[in-house]
Every structure is written in structure tokens, then in C-alpha cells.
Amino acid sequence: MKRQKRDRFQRAYVHGYKAGVTGRSRDECPSIDVNMREFWMSGWREGRGDQWSGMTGVSGIHKNPMVLS
């Protein structure tokens, strides 16, 4: 069974979310492309918000975009 490639923008969002929830800086965004950076930054913002709300580890598993996919 062939697997479909995931959307590039969804991957950028997930990587940004992971970076945000682990407390990494937004300056670590790897993309130069404006659209990719936008998705990465929106994931990072949501991840930072979840980190500040205490949704890390087991308490935040329901917010993890990798689990929802």
C-alpha cells in the first residue's frame, strides 16, 4: 500500500509546534520561503501557548498535532 506524502505546510506547522512546545526560539525557523515560514510560525505560536498553559508531556497529548493526524 502506497503512502501519500504529507502536505509540506502541515509538516512545517507540526515542526513549528514541536519547537514552540519545547521552548525553542522562533529565530530557529529553518525556512526562508514566506508561506512555509508562516505555517511554521503559526505552529510555533500555538506550541508556545500550550507550553505556557502547562500542556506539555502527558497533559498535552490531546493537543499534539501528530496524534490528531
Side-chain angles (χ1 to χ4, degrees):
M1 182 173 167
K2 291 185 179 180
R3 288 177 40 183
Q4 291 182 347
K5 266 192 163 175
R6 287 179 289 166
D7 183 22
R8 297 177 334 144
F9 299 119
Q10 176 67 20
R11 279 191 318 210
Y13 177 85
V14 168
H15 287 289
Y17 182 86
K18 287 181 193 176
V21 89
T22 57
R24 290 182 19 215
S25 171
R26 67 179 176 191
D27 295 332
E28 294 183 23
C29 178
S31 183
I32 297 172
D33 180 32
V34 175
N35 292 329
M36 294 290 281
R37 185 173 178 84
E38 183 178 325
F39 277 88
W40 193 93
M41 287 298 289
S42 60
W44 181 85
R45 282 187 204 99
E46 187 168 342
R48 288 298 282 182
D50 288 350
Q51 183 195 31
W52 293 331
S53 299
M55 289 194 230
T56 57
V58 175
S59 61
I61 199 159
H62 67 284
K63 286 285 291 187
N64 190 338
M66 291 300 293
V67 175
L68 298 175
S69 298

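Atoms considered below: every heavy atom in the structure, side chains included; atoms not considered: hydrogens, waters and symmetry mates.
Note: H15 NE2 to Q10 CD = 10.0 Å, rounded to the nearest 0.5 Å. Between the CZ atom of R48 and the CZ atom of R45 there is a distance of 12.5 Å, given to the nearest 0.5 Å. Between atom CG of residue D33 and atom CD of residue E38 there is a gap of 10.0 Å, rounded to the nearest 0.5 Å.
In this structure, M36 and R8 approach most closely via the heavy-atom pair CE-O, 3.7 Å. The minimum heavy-atom distance between R37 and R26, with the atom names listed, is NH2-O, 4.3 Å.
With hydrogens and angles left out, the side-chain atoms of D7 and Y13 include no donor and acceptor closer than 3.5 Å.
W44 places a side-chain N or O within 3.5 Å of a backbone atom of R24 that can act as its donor or acceptor partner.
In this structure the side chain of W40 never reaches within 4.5 angstrom of the side chain of S31, judged on heavy atoms.
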